[in-house]
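Scope of the values below: all heavy atoms of this structure, side chains included, with no hydrogens, waters or symmetry mates. Below, read A as the first sequence line, B as the second, and so on, with proteins coming before strands; counting in each chain starts at 1.
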Number of protein chains: 2
Amino acid sequence: MTKNDTDKRSRLIQAAVELVYRQGFQKTTLADIAQEADVPLGNVYYYFKTKDAICEAIVEQRLSQFEALREDWDKAASPKDRLCRFIQMTFNNRGELARGGCQFGSLCAELQKAGGPLAKKANRLFAKPFKWIEAQFRTLGKGDDSPGMALHLLSALQGVSLLANSFRKPNYVALETDHLNDWVRAL
Amino acid sequence: MTKNDTDKRSRLIQAAVELVYRQGFQKTTLADIAQEADVPLGNVYYYFKTKDAICEAIVEQRLSQFEALREDWDKAASPKDRLCRFIQMTFNNRGELARGGCQFGSLCAELQKAGGPLAKKANRLFAKPFKWIEAQFRTLGKGDDSPGMALHLLSALQGVSLLANSFRKPNYVALETDHLNDWVRAL
DNA sequence: GTCTATACCGAGATAGAC
DNA sequence: GTCTATCTCGGTATAGAC
């Protein structure tokens, strides 16, 4: 794999990630992606056999994006601080969330309806954060309540992202993250 | 408009509503809809000029579905009871929610990315419930806290629907609706 | 109003020169 | 490895007979 290889490949993935976030996967064409990445359409197939293969690459990219964020959150000393960092990030992202929804959630939702192998692959986009959040609650000594509490936190953030996006109101995110911060702090 | 007119038209809408719920709007073809409704493909265009027109009809159908539900909830004596009925309905639907997500939310999310006039139209799918919920909190004397509380309730239900769908766990819905019920009761 | 046949186009995918 | 040209199919939409 030469340098140009990875350059073009990663440019294609990056273009796909952004276009799919803005337009959805079904609506985004290979021509769109090729143009955005400044790669000739025919050349796309050297890097990805099918459109679905690009979608898998998008999911992988999102997953490593999550890993990078998680590593940062894990630097915080206590589980509470880690959860607060997670919530804080959502708050900081409220502008983007209002414009296009959650980068993970909207992809997961669409691929769910797409069905097939992509649906299964997409589930990891939720499974990973869920497990990480659950682990924080366990460390806090919440035992078997941890899954329910993780569900509560992740649900609230996903739900408010959806509504903030529909109504184009970044402030909706702020309202919910405020509550969630208080909730975590008071545990 | 003859009897057959409305028969076929409503059959087409019903087929569209169901297929779009299962597969998403972009993925669903006019041929799919025509077949499901047992109407010849070419005849579809007598009732709907474009595919987007069908989508508008789907949104309208969902909106009147909401109105019907709302009328039922409004029969409850107190605002708390009305909200509890709303929450209860979500709980009762948990099987379907785990299979395909929220009928309103998933449509709204997809049409958001589709952009154009459909995105604006779709927003009413959230605006109507939001206003209704907010009105209940106002009647409860929550004043300017009402929008935030409505947001909290609707977010939680939308978020948990998304997660329950991804993980295929109806029970996730039950966990959240339990909390929400307690929250409303304690207000 | 109903339905068949088909036009038209866009999108995914391939062939093959360089 | 790269890129142009093209194939093919499926999907929206139309024409026009009945």
A.B. asks: Can you tell me how far CG of A/Leu153 sits from CD of A/Gln136, rounded to the nearest 0.5 angstrom?
C.D. replies: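 Result: 10.5 Å between the selected atoms.
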A.B. asks: Can you pull out the residues from residues 49-56 of chain A that lie within a 4.0 Å heavy-atom distance of DNA chain C?
C.D. replies: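 Only A/Thr50, A/Lys51 qualify.
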A.B. asks: Rounded to whole Å, please give me the gap between CG in A/Asp32 and P in C/dG12.
C.D. replies: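 Taking atom P of C/dG12 as the reference, CG of A/Asp32 is at 8 Å.
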A.B. asks: Can you give the donor-acceptor pairs under 3.5 Å from side chains of residues 102-110 of chain A to other protein atoms, not counting sequence neighbours?
C.D. replies:
unit_1, atom_1, unit_2, atom_2, d
A/Gln103, OE1, A/Arg62, NH1, 3.1
A/Gln103, OE1, A/Gln65, NE2, 2.8
A/Gln103, NE2, A/Glu96, OE1, 3.1
A/Gln103, NE2, A/Glu96, OE2, 3.3
A/Ser106, OG, A/Cys102, O, 2.8
A/Ser106, OG, B/Lys113, NZ, 3.1
A/Glu110, OE1, A/Phe25, N, 2.8
A/Glu110, OE2, A/Phe25, N, 3.0
A/Glu110, OE2, A/Gln26, N, 3.0

A.B. asks: By the definition side chain to side chain contact (heavy atoms under 4.5 Å, CB included), identify the one residue from A/Leu140, A/Leu187, A/Val184 that meets it with A/Pro79.
C.D. replies: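 The side chain to side chain contact (heavy atoms under 4.5 Å, CB included) with A/Pro79 is passed solely by A/Leu140 among A/Leu140, A/Leu187, A/Val184.
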A.B. asks: Does a nitrogen or oxygen in the side chain of A/Tyr46 sit under 4.0 Å from OP1 or OP2 of D/dT2?
C.D. replies: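 A/Tyr46 to D/dT2 OP1/OP2: no side-chain N or O under 4.0 Å.
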A.B. asks: Counting only N and O atoms by type, is there a donor-acceptor contact under 3.5 Å from the side chain of B/Asp72 to the main-chain atoms of B/Leu69?
C.D. replies: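 Here the side-chain-to-backbone pair does not exist.
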A.B. asks: What's the CZ-P distance between B/Arg9 and C/dG1, to the nearest Å?
C.D. replies: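 Those two atoms, CZ and P, are 12 Å apart.
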A.B. asks: Counting only side-chain nitrogens and oxygens, does B/Tyr45 get under 4.0 Å of the OP1 or OP2 atom of D/dA15?
C.D. replies: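 No, B/Tyr45 has no side-chain N/O under 4.0 Å of OP1/OP2 on D/dA15.
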A.B. asks: Would a 4.5 Å heavy-atom cut-off, applied to side chains only, mark B/Val44 and B/Leu12 as touching?
C.D. replies: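 B/Val44 vs B/Leu12: side chains touch.
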A.B. asks: Closer than 3.5 angstrom, by distance alone: can the side chain of B/Asn165 be matched with the main-chain N or O of B/Ala98 as a donor-acceptor pair?
C.D. replies: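 Yes, because the side chain of B/Asn165 sits within donor-acceptor range (under 3.5 Å) of the backbone of B/Ala98.
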A.B. asks: Check whether any side-chain N or O of A/Arg94 sits under 3.5 Å from a backbone N or O of A/Phe91 as a donor-acceptor pair, and report yes or no.
C.D. replies: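 Yes, because the side chain of A/Arg94 sits within donor-acceptor range (under 3.5 Å) of the backbone of A/Phe91.
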A.B. asks: Has the side chain of B/Tyr21 got a donor or acceptor atom that lies under 3.5 Å from a matching backbone atom of B/Ala16?
C.D. replies: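 Flag not set: sc B/Tyr21 to bb B/Ala16 has no pair under 3.5 Å.
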A.B. asks: At under 4.0 Å, does any side-chain N or O of B/Lys27 touch on OP1 or OP2 of D/dG10?
C.D. replies: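 For D/dG10, neither OP1 nor OP2 has a side-chain N or O of B/Lys27 closer than 4.0 Å.
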A.B. asks: Figure out the CG/C1' separation between A/Leu19 and C/dA11, and round it to whole Å.
C.D. replies: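 Distance check: A/Leu19 CG to C/dA11 C1' gives 15 Å.
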A.B. asks: Among residues 33-44 of chain B, which ones have heavy-atom contacts with DNA chain C below 4.0 Å?
C.D. replies: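 Here the set is B/Pro40, B/Gly42, B/Asn43.
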A.B. asks: Using whole Å, what does the distance between atom P of nucleotide C/dG10 and atom CD of A/Gln26 come to?
C.D. replies: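 A/Gln26 atom CD is separated from C/dG10 atom P by 19 Å.
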